[in-house]
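Contents: one structure, followed by commentary.
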There are 2 protein chains.
Amino acid sequence: MAIAAIPAAVSAEEMRTLGAARREYGERSQFERSARLFPPASSTPMTGASRSPLQDQFGIITPSALHFERHHSGVPTIDPATHELAIHGLVERPQRFTMSLLKRLPSVSRIHFIECGGNAGREHRGNSGATVQQSHGLVSCSEWTGVRLSTLLREVGLKPAARWVLAEGADASRHARSIPLAKALEDVLVAYGQNGEALRPEQGYPLRLLVPGWEGNVSVKWLHRLHVIDQPMMTRDEAASYTDLMPDGKARAFSFEMESNSVITSPSGGQQVEGRGWLEISGLAWSGRGRIEQVDVSTDGGRTWRQAELQAPVLSKAFTRFRLPWRWDGQEAVLVSRSRDETGYVQPTREAIVAARGMKEGPDGFNHYNGMKPWKITREGMVTHV
Amino acid sequence: MAIAAIPAAVSAEEMRTLGAARREYGERSQFERSARLFPPASSTPMTGASRSPLQDQFGIITPSALHFERHHSGVPTIDPATHELAIHGLVERPQRFTMSLLKRLPSVSRIHFIECGGNAGREHRGNSGATVQQSHGLVSCSEWTGVRLSTLLREVGLKPAARWVLAEGADASRHARSIPLAKALEDVLVAYGQNGEALRPEQGYPLRLLVPGWEGNVSVKWLHRLHVIDQPMMTRDEAASYTDLMPDGKARAFSFEMESNSVITSPSGGQQVEGRGWLEISGLAWSGRGRIEQVDVSTDGGRTWRQAELQAPVLSKAFTRFRLPWRWDGQEAVLVSRSRDETGYVQPTREAIVAARGMKEGPDGFNHYNGMKPWKITREGMVTHV
């Protein structure tokens, strides 16, 4: 096959036309349509969740414009020039920190995922037909920059009775969660940067807590207050909600850690595989306990497994991209992934989770559901959840 | 100091008001004004360069909307549904690759900087008064996803005489550069992803070459053709331009590698330090030869040096964020940084570069200038280039 030096798709006219001009703040191409997903017909469009299009994501960084969101009373508009973080309670020197004071303090940058505790919560029911965005879109990963919470707590001085830190947001719901002091001193950040620029409004502009590896709602957004206390505050979102009902009628509370999870994002539900032959199976794995150590992929519904390649650098409590080349023979196939983290914990099957926690009634799903998700490819190349 | 439970900045009215609604594709806060910089009064606004606001960047990922740009005939509008990459010349099986075919092939993601060969090129003249954006804004860093060029060249099969690969863009200037085959097979990518989504138009949508560590203009954008050849093509941009004139009247050509560099971004030119006391000195270091091994910072104009902390992970041919806490005593100070990469190469002073390469006349600057940049802080806290 001979190929002309100039590809056919380019006309002589195009070759003589200057392109678009420079812009102060760029936008994506007019041909890109990837979007966050939320029910369009809500009577309270200010509040709820939007889900990230994981099927369209490359690599491990979620574009800030497509990061999932979850809030209980909409996205507040906060002027950073007047915003303050108050730290009070069981501390020696209560203090208000302006944004400019926070930015003088020693900072760190960390790539971490955030996952809503309710992500994939309805998947315990089995075949839902949900795309990966519909079922798993409440997780995203960014490079966060800010001050260690331990630095701030050293500034104000902890009193001996200090055991927990209540973090409160400046949104209308005053969303608040209690965090054990050990975690607060370990790796929690008070973050003002996301993917190289200021936090996006939906992610807490101008200031948020970032609690690596824990259910998303403890990473309190629009952070304006830290109250150091001696026991958890038992706020609405740690007593009435974000608990895990067990079959015996008791509920687990303060189940903070997001356990090892993974999902294949390509090919995935709703997509069409165009013809047999080689293609790349790709997906995301993550664990709130540390680094992903291994991801296995099955193309026969879990009977046999092959080890996927993990994209370096593999970072703790961050998305890990896995990939496996696969030759589709045009027959029915069932693709599924399974992750193992550095603690040795292996992602369970749906059946194992249901055996432990039972089925849940009503429209809501489980919190902390991390079962494997199988995708079926039909002979026509259609991909669906099974 | 007592602190009320509810910070003063929040009114009772705000507490009862729902915030903004969800959006399919998010935008930054209305309070954020960081922007790419370019001369406003250009008679050809389609073409030229825009510079990234390094002074506002957190961490190592440059927001795609603020990535620097450089092009010779504007940003073309390309429909990915019809775009093709042709590979021809000294190959066994010339082939056109559609975007969907490229996305079936094995992919990788890599965090790499891209730097224009002309970045900071006028700084050899010394005190310019330029901010870090004005002098150093032609460098940015992203997570890139795509196919290894070696994978594509294996698909088409190289003939024995193959030595170079000409890469050509689909912009009106048909920007083209010749790349030695050894580099093409080493770590070059044909990239379609940037920071988790499709390339931005200014960075080559829908397809670009990514030549890690080499001067930016070889990472050909809007890539539509790879011509495998036996010697360099001597295109305009490797013969008449992007060469380095030496004092003896000869010019270095094909000086691809960007050498180890660094610059302090905060505090930096044009900024105001608000009062004495502790603050964080922070900046970016990078090397086209591999990993940054060490960054030293001086606050007395280079007489004494302290080692800065490097933010992990330190990645090859990527931005490395460095930080050093410093207590400003309110006196005049001169801040400067110096990087060393894993090859042992140490960033030179301006004086050493001028001694080797002389001074350049005319409005243009050097290519491959990587001298240290000192910032003076006055007693009033004003920061300027010296």
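With 3.5 Å as the limit, one finds a donor-acceptor pair spanning the side chains of A:S107 and B:R323.
With a threshold of 4.5 angstrom between heavy atoms, B:P63 approaches chain A through its backbone and through its side chain. In this structure, chain B has a heavy atom under 4.5 Å from the side chain of A:E69, while its backbone stays farther away. Using a 4.5 Å cut-off between heavy atoms, B:E143 touches chain A through its side chain atoms alone. Within the 4.5 angstrom heavy-atom criterion, atoms from both the backbone and the side chain of B:I60 approach chain A.
Highest contact tally toward chain A, considering only B:G89, B:G146, B:P106, is held by B:P106 [criterion: heavy-atom pairs under 4.5 Å]. Contact count against chain B (heavy-atom pairs under 4.5 Å) is highest for A:G196 among A:G74, A:G196, A:P76, A:S34. For chain B, the option among A:S142, A:A49, A:S109, A:S282 with the highest count of heavy-atom pairs below 4.5 Å is A:S109. The most heavy-atom pairs under 4.5 Å with chain B, out of A:G48, A:G59, A:G193, come from A:G59.
Side-chain atoms of B:L66 and A:E197, non-hydrogen and from C-beta on, do get closer than 4.5 Å to each other. Looking only at side-chain heavy atoms (C-beta outward), A:L18 and B:S73 come within less than 4.5 Å of each other. Counting heavy atoms from C-beta on, the side chains of B:R110 and A:Q311 come closer than 4.5 Å. Within the 4.5 Å cutoff, the side chain of B:P39 has heavy atoms near those of the A:R22 side chain. With a 4.5 Å cut-off on side-chain heavy atoms, B:E27 and A:S64 do not count as touching. Between B:K103 and A:E280, the closest side-chain pair of non-hydrogen atoms is not below 4.5 Å.
Counting all heavy atoms, side chain and backbone alike, B:F58 lies closest to A:T145 at CB-OG1, 3.6 Å. The shortest non-hydrogen separation linking A:F31 to B:T77 is CE1-CG2, 3.9 Å.
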(message) side chain to side chain contact (heavy atoms under 4.5 Å, CB included), that's the test. Do A:W278 and B:L105 meet it? Break it down for me.
(response) CA-CA 8 Å; A:W278 286 100; B:L105 296 174; over 6 Å; no
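Salt-bridge formation is detected for the pair B:E202/A:R23: a Lys NZ or Arg NE/NH1/NH2 atom is positioned less than 4.0 Å from an Asp or Glu carboxylate oxygen.
A donor-acceptor contact shorter than 3.5 Å links the side chain of B:R104 to the backbone of A:E274.
Cation-pi check for A:R28 over B:Y25 is met; the charged atom lies under 6.0 angstrom from the ring centroid and within 45 degrees of its normal.
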